[in-house]
Structures are given as structure tokens and as C-alpha cells.
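One structure is given below, encoded as C-alpha cells.
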Protein chains: 2
Amino acid sequence: MIQNLTEHQREGLQEALAHGGQKVTAQREVVYSVLLAKRDHPTVDEVFQRARESMPGLSLATVYNCLETFVGCGLVRQVNHERESTRYCPNLAPHAHFRDDSTGRVHDIELPANVLQTLRSILPAGFETDSIEISFHGHTKNKTSRHSN
Amino acid sequence: MIQNLTEHQREGLQEALAHGGQKVTAQREVVYSVLLAKRDHPTVDEVFQRARESMPGLSLATVYNCLETFVGCGLVRQVNHERESTRYCPNLAPHAHFRDDSTGRVHDIELPANVLQTLRSILPAGFETDSIEISFHGHTKNKTSRHSN
DNA sequence: GTTGGTGTTTAGAATGATTCAAAATCTGAC
DNA sequence: GTCAGATTTTGAATCATTCTAAACACCAAC
């Protein structure tokens, strides 16, 4: 189920971690590969369950640690909806999230640069923003919903 | 510190509650007036502290209940940032939130209709949205920051 | 004005996600 | 091989929130 990282992916991990003088460990590899394997915005617990399949001794605290580390070095992004458990997605292009209230599933929504720009423009002078989070709530109508990626 | 509701405000409360066959109680009035008195997006606990000043016997559970009721009838809006405690603001125009990471304070950002429209437009077909949440993170530069309302 | 019924409040226990603490383990440099 | 630092582990602790069950308040019907 959970394949190892490709050479390229390991390098990415390696490099991202290196900045903070942090190391590539077996646990971090497994956790990262879980994230890459199925990009369905898993919770910590889901990551934990999946990671255990290939590394049974792994502890929950370590999963928390790894994910925190990844977020810290910009490899991964946190996704929060209301006060539900935090979910994680491997960072890529800027995107918004759509949370389907009937299924609980989270979908990525591509976020064009100009929309981001428009958003930034509504800030009054004096507000300096580092990040913008956009989340839609609602439900999906499509039968053919191939979108958890 | 905490003044009573104006006639007009009580009517608003009254009407909003009436829909669900719910009643105006002393506790609800106090909690609502706390929200209106200082629109700085207080947490449940902050509301609790403030409300106690005018109603010492009030319990925390009741504050939770009242706020939940208000959210349910659209009188008040929840504001979440990451997994911090939920904050509340009396609902008015559509707006985004700016969370100042150095002070922890939350500011309302007016959200023009056309921006909302633009946002809606980035959703692929099949996504039906009920609500959109936009939150900025960053810090403010203004000395003259008169923005918590 | 008492009786019921319904909605509300209360205190405290329970839950659940997350964080912390401290000991055990690993790693790489010397 | 040894040491220092980073990492992992287990289990306990924290914190916001929800639940539970009992006490209350209000109002309509009698």
C-alpha cells in the first residue's frame, strides 16, 4: 500500500529538513510517503494508522512531531475546518479548500494568482499579510467526483 | 461596563430566537449584550468573564449554550483560526478576518460583493457553496490601529 | 393558584485532540 | 568507540468543548 519515496522525493525531504539542521529519519520518510501516497487530507490519526502499516512500532507522538516539522519547513500544509482535527496536505501550488459538509471530505480548489491578488487588495493600509486561507463550505453535486487530489 | 440591550437590539434577539421556538432569557440577553458591547471577537471564556460582571451566577455551560443558539439562528458568527479557541462576532455584513500574529487580535476586513463573486467563480462545476471563510494572517504596521471596532 | 409540559440553566463529569516531560534511542563527528 | 545533539517513545497532562442529569423558570390549562 505505502510505497517508499522516489529518489526525487527523498531529496526534496532531505533538502527541506536540512535548513533547520534536521535529519531524514525512517519515521519521517514513512510519514511523508503516507502524505504523498494519498492526498486526501488525512488527520493525524489517519496518517498514524496508515504509517503503522509499514512501520508498526511508530508512535502517535512521532507522527505529531513529524508533521509539525514538515509544516515548519514548508513541506506540508495544515488544513483546519472549524475546530475539527487538523488535516494535512503536501504543499504545492496555492490553493483553497472546499469542505463537503455531507461527506466531510476536503477538496483542493486551484487558486489563480489574480484572485489571490484581488484578495490582497482588499486589505486596508497597514495590514501586512503572510498567508491567506480560504475555505468553502457546501456540498458537491457531481456523480463523477474525482477530486480528492 | 456592560449596558443592557437597546429596545431595538432586544427585538432583534427576540425575533431571531422566535424562529426556532426559542425564548429571550436573562442569560441570553447578557451574553448577547457582551458581544455587542465590545466587538473584539472574544472567546467563550472572555464572554464568560465579561458576562459574569453583570450576572455573577452565570455558568460557563450556559455561555456555550447561548452562543451556540445565536450561531444557530444566524445572530452571531464563529471565527476560527487554526485550532485556537473559537471566537465570536455579532454578524453583520460579509467580511473576512485578519489575525495579527503578534498580538493575537482579530480584525474585520470588509468584503466587497464583487470579490465574493470572484471567489465563487473559481469553484469548478458541481461545487455548491453555502459559505466562504477567508482569513488573513500577518501583522499590522499602523500605530493608529483603531480597528477592533 | 396549582399542575404539567417544554425549554433553559447549572455543575460536574467525560471526551478528544493535542502538548508536554522525561527516559530511551539513534546519528554522525571526532 | 564515545559524546553531543537530535529524535523517538510512552504515558501523563492540558485545554476547549460536549455531555448528562438534575434543578429551574415560564406559561397555558385547569
Expressed as a whole number of angstroms, how long is the span from [X]:[atom1] to [N]:[atom2]?
X: B/R52; N: C/dT9; atom1: CZ; atom2: P; value: 15 Å
X: A/E82; N: C/dA17; atom1: CD; atom2: P; value: 16 Å
X: B/L60; N: C/dA14; atom1: CG; atom2: C1'; value: 15 Å
X: B/F70; N: C/dT8; atom1: CZ; atom2: P; value: 11 Å
X: B/D45; N: D/dC15; atom1: CG; atom2: P; value: 11 Å
X: A/L58; N: D/dT8; atom1: CG; atom2: C1'; value: 9 Å
X: A/Q22; N: D/dT8; atom1: CD; atom2: P; value: 10 Å
X: B/Y64; N: C/dA11; atom1: OH; atom2: C1'; value: 15 Å

OG on A/S59 to CZ on A/F48, rounded to 0.5 Å: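 These two atoms lie 6.5 Å from each other.
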So what does A/N65 touch, heavy atoms closer than 4.0 Å: a base, only the sugar-phosphate, or nothing? base
Sugar-phosphate, base or nothing in reach of B/T86, heavy atoms under 4.0 Å: sugar-phosphate
Would you say [X] reaches [N]'s phosphate, i.e. side-chain N/O to OP1/OP2 under 4.0 Å?
X: A/T25; N: D/dT8; value: yes
X: A/R83; N: C/dA17; value: no
X: B/T62; N: C/dT10; value: yes

Ion pair check, A/E84 and B/R83, cut-off under 4.0 Å: no
Which residue lies toward the 5' end of DNA chain C, A/V44 or B/K23, if each is placed at its nearest nucleotide? B/K23
Taking atom CD of A/E82 as the centre, report whether more than 12 heavy atoms of other residues, nucleotides or ligands fall under 6.0 Å from it.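 Atom CD in A/E82 is crowded, with more than 12 foreign heavy atoms closer than 6.0 Å.
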Using the ring centroid of each side chain, check whether A/F70 and A/Y32 are separated by less than 6.0 Å. yes
For the residue pair B/H81 / A/N80, report whether a side-chain donor-acceptor contact shorter than 3.5 Å exists. no
B/Q27 side-chain proximity, nearest of C/dA17, D/dT17, C/dT10: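 Of all the options, the side chain of B/Q27 is nearest to C/dT10.
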